[in-house]
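Just the heavy atoms: all of them, side chains too, but no hydrogens, waters or symmetry mates, feed the values below.
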Amino acid sequence: MGSLTYGRRVPLSLEAAVEQLADRSSRKRRAAAKRLRTLADPAAGPALCAALRSEYRDTRTWETKYQMAMAIGECGVAADTPLLDELVEREPGHSAVGTALGDALVRIEWRTSRTTTVIDRYVPTGAPGVIEGVMRGTAMLQATPSDE
């Protein structure tokens with residue numbers, strides 16, 4: 001995976017990156033999530049969701065969780081939203097993970113419906129990381145929040 005060719009790294013293919021999500025090394029799982037985030041292929045969504053669910057058991061790997069959540073936001077489809085909602089409810093732990101979850105929820109909703117009702121659901125909750133992610137995602141997409 002990511003073999004060297006004349007001193008240059010060959011980017012992971014979709015299949016190789018998905019496979020690498022199960023690697024024992026958090027660094028490699030994080031690299032795979034970053035690659036999938038770049039590829040933004042919805043086909044990676046189920047594997048990313050499974051990997052993030054598994055990753056949540058380890059309290060030390062917040063950077064890997066962050067990259068996985070951001071990759072879900074780029075690759076994700078509406079079917080991935082329940083997992084993200086569940087993880088927000090569980091307490092994201094590190095605020096950066098909450099930020100990534102909020103951002104991912106906005107990106108998925110925007111992609112599927114061109115609305116941002118996620119703001120209405122999560123801003124009142126008071127989870128600072130999630131609120132920051134929702135606001136950042138909305139700003140990055142230049143989305144207009146609902147009138148409510």
Side-chain angles (χ1 to χ4, degrees), residues 1-2 9 11-23 25-148:
M1 326 282 173
R9 288 199 179 270
L12 291 173
S13 67
L14 176 70
E15 295 78 19
V18 165
E19 184 179 315
Q20 191 168 306
L21 286 172
D23 196 279
S25 165
S26 177
R27 183 182 60 77
K28 288 192 176 191
R29 292 189 308 272
R30 185 170 49 251
K34 285 181 181 180
R35 177 65 179 149
L36 292 169
R37 183 178 174 188
T38 300
L39 293 172
D41 188 331
L48 280 163
C49 286
L52 182 58
R53 184 178 295 282
S54 176
E55 196 73 33
Y56 243 70
R57 295 183 197 123
D58 191 338
T59 58
R60 301 167 298 159
T61 60
W62 69 267
E63 292 170 291
T64 303
K65 291 175 202 154
Y66 174 88
Q67 289 300 333
M68 287 177 176
M70 292 300 288
I72 290 170
E74 290 295 330
C75 300
V77 294
D80 300 334
T81 302
L83 170 67
L84 300 175
D85 285 331
E86 175 190 325
L87 297 179
V88 165
E89 292 296 318
R90 266 200 220 172
E91 181 60 42
H94 197 283
S95 65
V97 176
T99 300
L101 292 170
D103 185 283
L105 284 162
V106 167
R107 288 176 187 281
I108 290 170
E109 184 177 52
W110 183 254
R111 185 177 300 113
T112 58
S113 66
R114 290 289 188 228
T115 62
T116 55
T117 61
V118 172
I119 291 173
D120 302 331
R121 276 197 332 258
Y122 287 107
V123 169
T125 66
V130 176
I131 294 169
E132 182 178 344
V134 166
M135 301 308 264
R136 282 184 184 204
T138 302
M140 293 298 294
L141 293 168
Q142 298 180 348
T144 304
S146 67
D147 289 337
E148 298 170 17

(message) Evaluate E15 against E19 for side-chain contact (heavy atoms from CB on, under 4.5 Å), listing each step before the verdict.
(response) CA-CA 6 Å; E15 295 78 19; E19 184 179 315; over 6 Å; no
(request) Determine whether L48 and L36 make a side-chain contact, defined as any pair of heavy atoms from C-beta on separated by less than 4.5 Å. (result)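 Yes - at least one pair of side-chain heavy atoms lies under 4.5 Å apart.
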(message) I want to check something: taking the side chain as every heavy atom from C-beta on, are L14 and R35 in contact at a cut-off of under 4.5 Å?
(response)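 Side-chain contact under 4.5 Å: no.
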Nearest 0.5 angstrom please: [X] [atom1] to [Y] [atom2], how far?
X    : Y    : atom1 : atom2 : answer
Q67  : I72  : CD    : CD1   : 11.5 Å
S26  : K65  : OG    : NZ    : 9.0 Å
D103 : L84  : CG    : CG    : 10.5 Å
L52  : L101 : CG    : CG    : 6.5 Å
L21  : E55  : CG    : CD    : 9.5 Å

(request) Kindly indicate, with the supporting measurements, whether the criterion side-chain contact (heavy atoms from CB on, under 4.5 Å) is fulfilled by T99 and V130. (result) CA-CA 5 Å; T99 300; V130 176; over 6 Å; no
(message) Would the distance check show the side chain of T112 and the main-chain N or O of I108 forming a donor-acceptor pair, the cut-off being under 3.5 Å?
(response)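 Between the backbone of I108 and the side chain of T112 there is a qualifying donor-acceptor contact (under 3.5 Å).
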(request) Return yes when atom CZ of R121 has more than 12 non-hydrogen atoms of other residues, nucleotides or ligands closer than 6.0 Å, and no otherwise. (result)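 More than 12 heavy atoms, drawn from other residues, nucleotides or ligands, come within 6.0 Å of this atom.
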Can you see which heavy atom on [X] is nearest to which on [Y], and at what distance?
X    : Y    : value
V18  : A44  : CG2-CB, 4.3 Å
G73  : R107 : O-CB, 3.5 Å
A71  : A33  : CB-O, 3.4 Å
Y56  : V97  : OH-CG1, 3.3 Å
A16  : S13  : N-OG, 3.1 Å
A104 : A69  : CB-O, 3.3 Å

(request) Verify side-chain contact (heavy atoms from CB on, under 4.5 Å) between Q20 and R29, making sure each step is shown before the conclusion. (result) CA-CA 6 Å; Q20 191 168 306; R29 292 189 308 272; over 6 Å; no
(message) Under the criterion side-chain contact (heavy atoms from CB on, under 4.5 Å), I'd like the reasoning laid out for V106 against M140: C-alpha separation, chi angles, the key distance, then a yes or no.
(response) CA-CA 10 Å; V106 167; M140 293 298 294; over 6 Å; no
(message) So, applying side chain to side chain contact (heavy atoms under 4.5 Å, CB included) with T64, which one of R27, K28, R30 is it?
(response)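 The option that passes is R30.
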